[in-house]
Amino acid sequence: MPNSERPTVILRDCREYDAGRIRSIVRDGLERLDLRPRGQTLIKPNVVAAGARFPHAYTRPEFVEGVVGALRDRDEGAMRTLAVGERSGITMPTRFAFTQAGYRRLAKRTGVELVHFEEVPQVEIPLYHPERLRDSLYTPKVVAEADFFVNCPKFKAHPWTTVTFSLKSYIGIQDDRHRLIDHHHKLDEKVADLQYVLQPQFIAIDAITAGEGRMLTPVPFDLGLVIMGDNQVAVDAVCCRIIGLDPLSVDHIRLAWERGFGPVALEDIDVEGDVSLAAAQQRAKGFRVGLIRVEEYFENTNIRAYGGTPPGPPKAEGGSDYCWGGCPGALEEAIEILRLYDEAASEKLPPTHIVFGKWDKPLDVKPGEKVIFMGDCAEYRGPLGRAGNVAIESLFRDRSDMSPLDARHDDIFAKMISVRRELKVLRREDFIHITGCPVSVAEQVLALVQHGDLTNPYYDLKLFPSFVSTYFSWRTRTLLQRVFGQPYNQPGAAHRGHARPRLNLPPEGADGRLELGETET
């Protein structure tokens, strides 16, 4: 177990985003757990998206400000640096997300450093556990070197993984090109693999206003809690119990538990604080999680969606019958973003069929209706309206032999051009195949915008100037790094901080070429 033989989860009452009140609560939590920051201290919030359109999607700045103050209160001179770092949603500059979330003002008030994970070198982390999806993965250097890691996620539902608490927020410790590898039907396994990069010494979850139903556009749910702990499997297990969910029904939590990262049974966890578990459960009654199949989500709309089977063995042999971690969930998030700008967005779309995975039943396509085959693994053979019999072949490539160094990233402007080009074809033809694994939320937003002549969120006049400014700041910095010879990916041995988990030590006789630095957690 990473932090203690018997972890503690603390439930504290907090009804408002008052930085002073949060600072006092978090300081109490650190004292109770006998924790003090040291070395390179890194706080990771969840800022996947932010601003007026996404008010409940991110860890609020008042919350992080309270955590920053509490860490400084507990510091006895051993903390060398204190930073807040994140990689926001795919294609979105983290600088933009931080600005929209109020983190720039937070940094000015507190003097804390902001780190944009896509703007720093990415180092190689070897994996040794037998269940790994690949032999190594890449993460920002500042993450690999952290000595005292503080995870500050938002308490939210998630359309791909049911919930996003402490474990799931690890998807933000990778930049786009590395994040998208295995971000499909293997997403829960990917999240479990990321636990081998580092483990938090302290977790503080923003559950004051939780987000139910979705990830980017969640419905606000007043929970009035600050949830703290020293083991994130235990913390996530208690969070599941609060909303009436069996933690072992959430695959990434189950996988982390099976691999020894922490307990899920309440009898193995000390739950304390000024709010009892029973009282927290009472507050959370009616909380809606994610994980709704795409067919059900779009029922009675102009989108008829088909969730076919993803690549791999059948479910009876340990495979999956649905891609929970990829394109279908991205479509659900995409339509909700468009509904922020036009509540009738899904009704304004022309009748459209969208197929995911391998679909082996006939498609009932009426004359004039369009079909979009979404994602590399989309596959279909059969009649298709006026097109007659068609054969859509799967383009899926087994990711197990894909090198992270081969991964590429297309920014949002490149995606706008490519999606516009693809959708022009759909105006002439009855169907198209949009490739990608996954096809991101951004791409699906753009596809629906083009197909239905809907409002493009990326042209929001209130946000566009800030978006363009932060976009060019991001691009300029990464270009200068290349000009001065600092590579983006740095394969080979990397220094590791004290937050490196013991569970990721090389077995006896293993190649130690990537082994540098400390191990303590």
Side chain proximity check, Tyr170 to Asn151, heavy atoms < 4.5 angstrom: yes
For the residue pair Glu336 / Tyr297, report whether a side-chain donor-acceptor contact shorter than 3.5 Å exists. yes
Taking the side chain as everything from C-beta on, heavy atoms only, tell me whether Asp360 gets closer than 4.5 Å to Tyr380. no
Would Gln232 and Ser166 count as a side chain to side chain donor-acceptor pair (under 3.5 Å) if you check the C-alpha gap in whole Å, the side-chain angles of each, and the deciding distance to 0.1 Å? CA-CA 6 Å; Gln232 58 185 355; Ser166 190; 2.6 Å; yes
Polar contact flag, side-chain donor to acceptor under 3.5 angstrom, Asp460-Tyr341: yes
Say whether, by atom type as modelled, one donor and one acceptor occur between the side chain of Asp188 and the main chain of Leu255 under 3.5 angstrom. no
What distance separates Lys415 NZ from Leu446 CG, expressed to the nearest 0.5 Å? 9.0 Å
Any donor and acceptor pair, going by atom type alone, linking the side chain of Lys370 with main-chain N or O of Glu429 inside 3.5 Å? yes
Do any N or O atoms from the side chain of Asp206 and from the backbone of Arg60 form a donor-acceptor pair under 3.5 angstrom? yes
Quick check against the 3.5 Å criterion: does Thr470 have a side-chain atom that pairs as donor or acceptor with the backbone of Phe467? yes
Report yes if some heavy atom in the side chain of Leu503 is under 4.5 Å from a heavy atom in the side chain of Tyr128; otherwise report no. no
Which residue in the set His183, His185, His184 passes ring-ring contact (aromatic ring centres under 6.0 Å, His included) when paired with Trp160? His183
How about CZ on Arg381, more than 12 heavy atoms from neighbouring residues, nucleotides or ligands closer than 6.0 Å, or not? yes
Rounded to the nearest 0.5 Å, what separation is found between the CD atom of Gln195 and the CG atom of Leu198? 8.5 Å
Could you check if a side-chain atom of His178 sits within less than 4.5 angstrom of a side-chain atom of Leu137, using non-hydrogen atoms only? no
Phe413: which of Tyr471, Tyr458, Tyr459 passes ring-ring contact (aromatic ring centres under 6.0 Å, His included): Tyr471
Which distance, rounded to the nearest 0.5 Å, do you find between the OH of Tyr196 and the CZ of Arg500? 13.0 Å
Taking C-beta and beyond as the side chain, do Arg95 and Glu119 meet within less than 4.5 Å on heavy atoms? yes
Report yes or no: is the cationic atom of Arg87 (NZ for Lys, CZ for Arg) closer than 6.0 Å to the six-membered ring centre of Trp474, at no more than 45° off its axis? yes
